[in-house]
Asker: 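Have a look at the structure that comes next, please.
No experiment lies behind these values; they were computed from the predicted model shown. Order of listing sets the numbers, starting from 1, for every ligand and every atom in it.
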Amino acid sequence: MLLQVLGTAAGGGLPQWNCACPGCSGARAHPHWRRRHASLAVRADRDRWYIVNATPDIGDQIESVAGLWPGPEPRRTPVAGLVLTDAELDHTLGIARLREAKSLEVLTTAPVCDALLTKLRLGEVLGPYTRLGWRDLPLDRPVPLTPGSGVEISAIPVSGKRPRYAAGGPGGPDDGAWVVALRLTERATGTTALYAPALAAWPPALHRAATEADCVIVDGTFWDDEEPRRSGISARTATGMGHLPIDGPGGTARLLAPLTGRRLYTHLNNTNPLVDPAAPQHKVLAELGIEVAADGMVIEP
Ligand code: MLT
Ligand code: MN
Ligand code: ZN
């Protein structure tokens, strides 16, 4: 299995356009601090890729990896479609950026598809430009990423956290699937990767999947629960914003530490001390065997 990390920042990116916090200022002064919005490309077969989450950076992200460039015919692209883990704007605004496609396949759960069609009205808005082909992302039932692909995908429900633009609507039977983790399995080898850039909770099914996975890439938005309040970006804690922090008693580092597979954090907010490559927090994670994903990283679980 081949995974290409296209970005590792939370909503806003690093730097965020209207922010002069130490992380964003650091990224302006030191270009190697910069991170694009969190996204991952998964190779389905020799020259077909799926992009997990369509971020505002998706155009630049495709240009940053030669394997995602079009050719040899003028309008032939190796990008076969999109997979969405949730309906958040930082993971969906890039859909409109790809409107030059004749058609675009999008794998989502039912509530995410419904939010994009009825709240963001993507079907109506993009209909005159491209044809969006919605495909159901099955829960706990692996299906080939694309017909004949050696990589299977399934979704593990993580939480019912809705994006703010879809807050308060009527509940549905699939409400637990507003945010999912993706489980990717290479059929030939049984190798498994887990991608979960938004974790409001750590349910038992996710824990089982993480324990079995050869590689887990998870939500590293905030270092600790108080970070959003301390930095002044929010009146809520990290948990209150729908992101389990890395550190502390309710943090994910403690859950990841005993796992045997490769473990990486992604979706770093610009307030996270880890955005500074020299921050001592990197050593804390390294001692637990946990990595911080970097833009451009190639992962072969
Ligand atoms: C999140 O990760 O909580 C959202 O991306 C927040 C946002 O879109 O502002
Ligand atoms: Mn986000
Ligand atoms: Zn900032």
Asker: Any N/O/S atom, backbone or side chain, of His267 lying under 2.8 Å from the Mn ion (ligand 2)?
Answerer: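 It does: His267 brings an N, O or S atom closer than 2.8 Å to the Mn ion (ligand 2).
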
Asker: Using modelled atom types and a 3.5 Å cut-off, is there a donor and acceptor pairing between side-chain atoms of His282 and backbone atoms of Leu274?
Answerer: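 Yes: the side chain of His282 pairs with the backbone of Leu274.
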
Asker: Considering non-hydrogen atoms of the protein only, which is the closest contact for atom 5 (O) of ligand 1, and what is the distance?
Answerer: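 Here the closest protein heavy atom is Asp90 OD1, 2.9 Å.
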
Asker: Taking only heavy atoms of His267, which atoms of ligand 1 are found under 4.0 Å from at least one of them?
Answerer: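 Listed by number with element: 2 (O).
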
Asker: Closest non-hydrogen protein atom to atom 7 (C) of ligand 1, residue and atom name please, with distance?
Answerer: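 Answer for atom 7 (C) of ligand 1: Glu88 OE1, 4.2 Å.
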
Asker: Strictly under 6.0 Å, is that where the ring centroids of His267 and His37 end up?
Answerer: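 His267 vs His37: aromatic centres not under 6.0 Å.
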
Asker: Can you tell me if Asp90 uses its side chain to pair, donor with acceptor, with the backbone of Gly11 under 3.5 Å?
Answerer: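 Checked: pair present.
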
Asker: Under a 4.0 angstrom heavy-atom cut-off, which atoms of ligand 1 come close to Lys161?
Answerer: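 Counting atoms of ligand 1 from 1, those under 4.0 Å from Lys161 are 1 (C), 3 (O).
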
Asker: Taking Arg99 for the side chain and Ala96 for the main chain, is one N or O donor matched with an acceptor at less than 3.5 Å?
Answerer: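 Judged by distance alone, yes, a pair lies under 3.5 Å.
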
Asker: Can you give me the SG-the Zn ion (ligand 3)-SG angle for Cys21 and Cys19, to 10°?
Answerer: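 Vertex the Zn ion (ligand 3), arms to SG of Cys21 and SG of Cys19: 110°.
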
Asker: Tell me, please, if Asp90 has any N/O/S atom, main chain or side chain, under 2.8 Å from the Mn ion (ligand 2)?
Answerer: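 So Asp90 does bind the Mn ion (ligand 2) by this criterion.
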
Asker: Would you say the side-chain atoms of Lys119 pair up with the backbone N or O of Pro163, donor to acceptor, closer than 3.5 Å?
Answerer: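 Side chain of Lys119 to backbone of Pro163: no pair is present.
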
Asker: Mark yes when over 12 heavy atoms from residues, nucleotides or ligands other than Arg28 sit less than 6.0 Å from its CZ; otherwise mark no.
Answerer: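 Yes, enclosed.
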
Asker: Look at atom 9 (O) of ligand 1 and say which protein heavy atom is nearest, naming residue and atom and giving the distance to 0.1 Å.
Answerer: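 Nearest neighbour among protein heavy atoms for atom 9 (O) of ligand 1, to 0.1 Å: Arg164 NH2, 3.6 Å.
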
Asker: Taking 4.0 angstrom as the limit and counting only heavy atoms of His243, give me the atoms of ligand 1 inside it, by number and element.
Answerer: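 This gives 1 (C), 2 (O), 3 (O) as the contact atoms.
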
Asker: Can you find a side-chain donor-acceptor pair between Glu100 and Tyr129 that sits under 3.5 Å?
Answerer: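 No, no side-chain donor-acceptor pair sits under 3.5 Å.
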
